[in-house]
Asks: 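Please see the structure below; I have some questions.
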Amino acid sequence: MESKKVSESITVMNELVLPNDTNVFGNLMGGRLMYWMDIAAAMTASKHCNAPCMTASVDNISFKNPIKLGNVVHIEAKITRAFHTSMEIHLMVWGEDNLHQYRYESNEAYFTFVALDPNNKPRLVPAVLPETEQEKALYDGALRRRQLRLILSGKMKPNDANELKAFLNS
Ligand SMILES: CC(=O)SCCNC(=O)CCNC(=O)[C@H](O)C(C)(C)COP(=O)(O)OP(=O)(O)OC[C@H]1O[C@@H](n2cnc3c(N)ncnc32)[C@H](O)[C@@H]1OP(=O)(O)O
């Protein structure tokens with residue numbers, strides 16, 4: 001299976017925060033943002049492997065700054081690395097105030113997707129070819145993040161996580 005570049009599957013999504021999207025403080029609801037992030041990440045995963053994909057896990061999402069009513073939510077989803085049937089997607093989210101022409105960081109997260117075959121069973125995905133320095137750094141870190149999330153979900157024994165152990169002991 002031929003490797004694919006990160007740039008081949010980037011998704012950029014923009015949404016306007018309307019009153020129905022907000023909480024009692026007049027800011028974007030966290031749950032609505034996670035819904036949009038899931039969609040953006042799923043589009044990147046499916047585009048990378050040309051198959052339908054399921055969300056397998058979501059790493060810690062920390063909300064740095066709330067996004068205000070009337071601002072634009074700008075989401076960028078990029079694949080960092082593919083393993084056998086799973087792919088890690090990195091999401092960056094900004095709020096944009098188009099009237100005053102500035103943007104602010106809202107949050108960042110990693111989602112894991114699994115590609116499915118026509119019988120809804122996991123299927124192999126193409127490898128990722130990182131090109132830029134940032135893509136290479138995200139690619140390198142992906143193996144450790146995968147080991148940590150598999151340990152936390154009870155799917156890997158800590159003793160088997162060699163790269164993570166080496167990193168923690170360095
Ligand atoms: C787009 C959406 O919103 S989809 C809706 C929400 N998502 C769902 O309902 C998914 C429900 N879960 C499932 O269907 C299954 O658990 C699946 C498809 C995610 C995984 O199926 P499993 O039978 O567990 O497959 P299996 O154990 O062989 O693992 C398949 C891959 O998933 C990875 N995986 C499984 N669980 C996790 C997890 N919790 N975190 C990260 N990766 C995981 C495995 O490491 C493996 O990756 P690899 O092939 O690259 O090594």
Side-chain angles (χ1 to χ4, degrees), residues 1-15 28-64 73-94 105-170:
M1 207 180 288
E2 211 173 311
S3 303
K4 289 171 84 172
K5 295 174 188 169
V6 175
S7 56
E8 290 179 74
S9 59
I10 292 177
T11 300
V12 177
M13 183 192 271
N14 287 288
E15 295 281 347
L28 175 63
M29 288 278 291
R32 182 82 71 190
L33 177 56
M34 289 188 275
Y35 169 76
W36 287 331
M37 289 168 78
D38 192 30
I39 292 175
M43 288 197 283
T44 289
S46 296
K47 201 168 174 188
H48 177 78
C49 63
N50 304 114
C53 298
M54 286 284 243
T55 316
S57 75
V58 176
D59 288 13
N60 56 323
I61 302 181
S62 47
F63 295 91
K64 289 177 195 149
V73 181
H74 180 94
I75 302 173
E76 287 182 16
K78 293 183 188 179
I79 189 163
T80 63
R81 187 161 178 165
F83 297 96
H84 308 288
T85 65
S86 68
M87 297 154 280
E88 184 190 67
I89 312 295
H90 179 232
L91 288 118
M92 286 292 300
V93 182
W94 292 269
E105 210 176 292
S106 173
N107 76 43
E108 182 179 10
Y110 294 95
F111 283 48
T112 301
F113 283 80
V114 174
L116 300 179
D117 69 15
N119 298 313
N120 289 339
K121 299 284 177 217
R123 50 158 276 184
L124 294 177
V125 295
V128 169
L129 195 62
E131 293 182 300
T132 67
E133 287 309 309
Q134 191 203 28
E135 288 169 7
K136 286 175 188 166
L138 286 167
Y139 181 94
D140 288 342
L143 188 54
R144 296 192 294 268
R145 289 189 296 275
R146 165 185 160 94
Q147 291 176 345
L148 182 59
R149 70 175 70 93
L150 290 178
I151 290 170
L152 292 175
S153 64
K155 301 210 162 199
M156 180 181 253
K157 292 185 188 129
N159 250 345
D160 294 338
N162 294 329
E163 288 77 9
L164 180 62
K165 279 195 296 184
F167 178 73
L168 293 175
N169 291 328
S170 65

Asks: Does any non-hydrogen side-chain atom of W36 lie less than 4.5 Å from one of L91?
Replies: no
Asks: Tell me the closest heavy-atom pair linking I151 and A161, and the distance in Å.
Replies: CD1-CB, 3.7 Å
Asks: What are the two closest heavy atoms between P122 and L116, and how far apart are they?
Replies: N-CD2, 3.9 Å
Asks: Measuring from atom CD1 of I79 to atom OG of S7, what distance do you get when rounded to the nearest 0.5 angstrom?
Replies: 11.5 Å
Asks: Less than 4.5 Å apart, any side-chain heavy atom of V114 and any of F83?
Replies: no
Asks: Taking the side chain as C-beta and beyond, is there a heavy-atom pair between L33 and I75 under 4.5 Å?
Replies: yes
Asks: What heavy-atom pair brings R149 and S57 nearest, and what distance separates the two atoms?
Replies: CD-OG, 3.4 Å
Asks: Any chance you could lay out the side chain to side chain contact (heavy atoms under 4.5 Å, CB included) test for H90 and E108, step after step, and finish with the verdict?
Replies: CA-CA 8 Å; H90 179 232; E108 182 179 10; 2.7 Å; yes
Asks: Got P126 and C49 here, is their nearest side-chain heavy-atom distance under 4.5 Å?
Replies: yes
Asks: What closest approach, in Å, do A82 and A127 show between heavy atoms, and which atom pair accounts for it?
Replies: CB-CA, 4.3 Å
Asks: How many angstroms lie between OG in S3 and NE2 in H48, if you round to the nearest 0.5 Å?
Replies: 8.0 Å
Asks: Kindly give the heavy-atom pair with the smallest separation between A77 and A40, and that separation in Å.
Replies: CB-O, 3.7 Å
Asks: Which atoms form the tightest heavy-atom contact between K47 and E8, and what is the distance?
Replies: CE-O, 3.5 Å
Asks: Other residues, nucleotides and ligands only: do more than 12 of their heavy atoms fall within 6.0 Å of NZ on K165?
Replies: yes
Asks: Working to the nearest 0.5 Å, report the span between CE of M92 and NZ of K78.
Replies: 9.0 Å
Asks: Just verifying a value: how many Å separate F63 CZ and L28 CG, rounded to the nearest 0.5 Å?
Replies: 8.0 Å
Asks: Please tell me if the side chains of K4 and N50 come closer than 4.5 Å, counting only heavy atoms from C-beta onward.
Replies: yes
Asks: Does the side chain of V128 come within less than 4.5 Å of V6's, by heavy atoms?
Replies: yes
Asks: Just how far is it from atom CZ of R146 to atom CE of M87, taken to the nearest 0.5 Å?
Replies: 12.0 Å
Asks: Does the D117 side chain pair with the main chain of N119, one donor and one acceptor, at a distance under 3.5 Å?
Replies: yes
Asks: Hey, could you give me the CD/OH distance between E15 and Y35, rounded to the nearest 0.5 Å?
Replies: 9.0 Å
Asks: For residues 129-145, which residue pairs pass the side chain to side chain donor-acceptor pair (under 3.5 Å) check, not counting sequence neighbours?
Replies: E88-R145
Asks: Between Q147 (side chain only) and L164 (backbone N and O only), is there a donor and an acceptor less than 3.5 Å apart?
Replies: yes
